[in-house]
Amino acid sequence: MQSRLQSSPSPWLHAIAGGALALLLSAPSSLAQQPASGEAGQQAFNNSCRTCHSMKEGDNRLGPNLNKIVGRKAGSLPNYNYSSSMKEAGFNWDQDKLTRFMVKPDEVVSGHKMQPYGGISAEEAAKVVAYLQTASQ
């Protein structure tokens, strides 16, 4: 006589387990790997910018601090030695300019001092810009 524990599981248990497995397999794997949007922006900043830039006002490093960069006139932060090209850029940083500068800096301000720098993807740049805006408030 076979004990109840050794018998095969009931059909409803197979259905539940199969459904759960199908749900797990059909979910995009990127969902589990992506941090929340604010965290993604900070992570992108940390990965691409933090070595040379700070978000702390007055904390200029190899690059100028990026606190309240959106809306700031390019090359205008006191106590930072910008290139003459950046000082003479003649524009204020907005989302578009910042994103384009991070992707292809030479196309926005030729002769900048952010060297060597190969740029980041537009997607990562957009995350950084979103982070710069929220972290500066």
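Throughout, numbering of the chain's residues begins at 1 and tracks the sequence.
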What's the shortest heavy-atom distance between N65 and R72, and which atoms? O-NH1, 3.3 Å

Taking side chain as C-beta onward, heavy atoms only, is [X] less than 4.5 Å from [Y]?
X	Y	result
N81	K113	yes
F45	M55	yes
V129	M102	yes
D94	K97	yes
V70	W93	no
D59	H53	no

Counting only heavy atoms not in N79, do more than 12 fall under 6.0 Å of its CG? no

Hey, does the side chain of S136 reach the backbone of Q133 with a donor-acceptor pair shorter than 3.5 angstrom? no

Less than 4.0 angstrom from a charged side-chain N to a carboxylate O is my criterion; do D106 and K104 meet it? no

Tell me, with the steps shown, if R100 and D96 meet side-chain contact (heavy atoms from CB on, under 4.5 Å). CA-CA 6 Å; R100 290 188 307 123; D96 178 60; 3.1 Å; yes

Give the ring-plane orientation class for F101 versus H112, where under 30° counts as parallel, over 60° as perpendicular and anything between as tilted. perpendicular

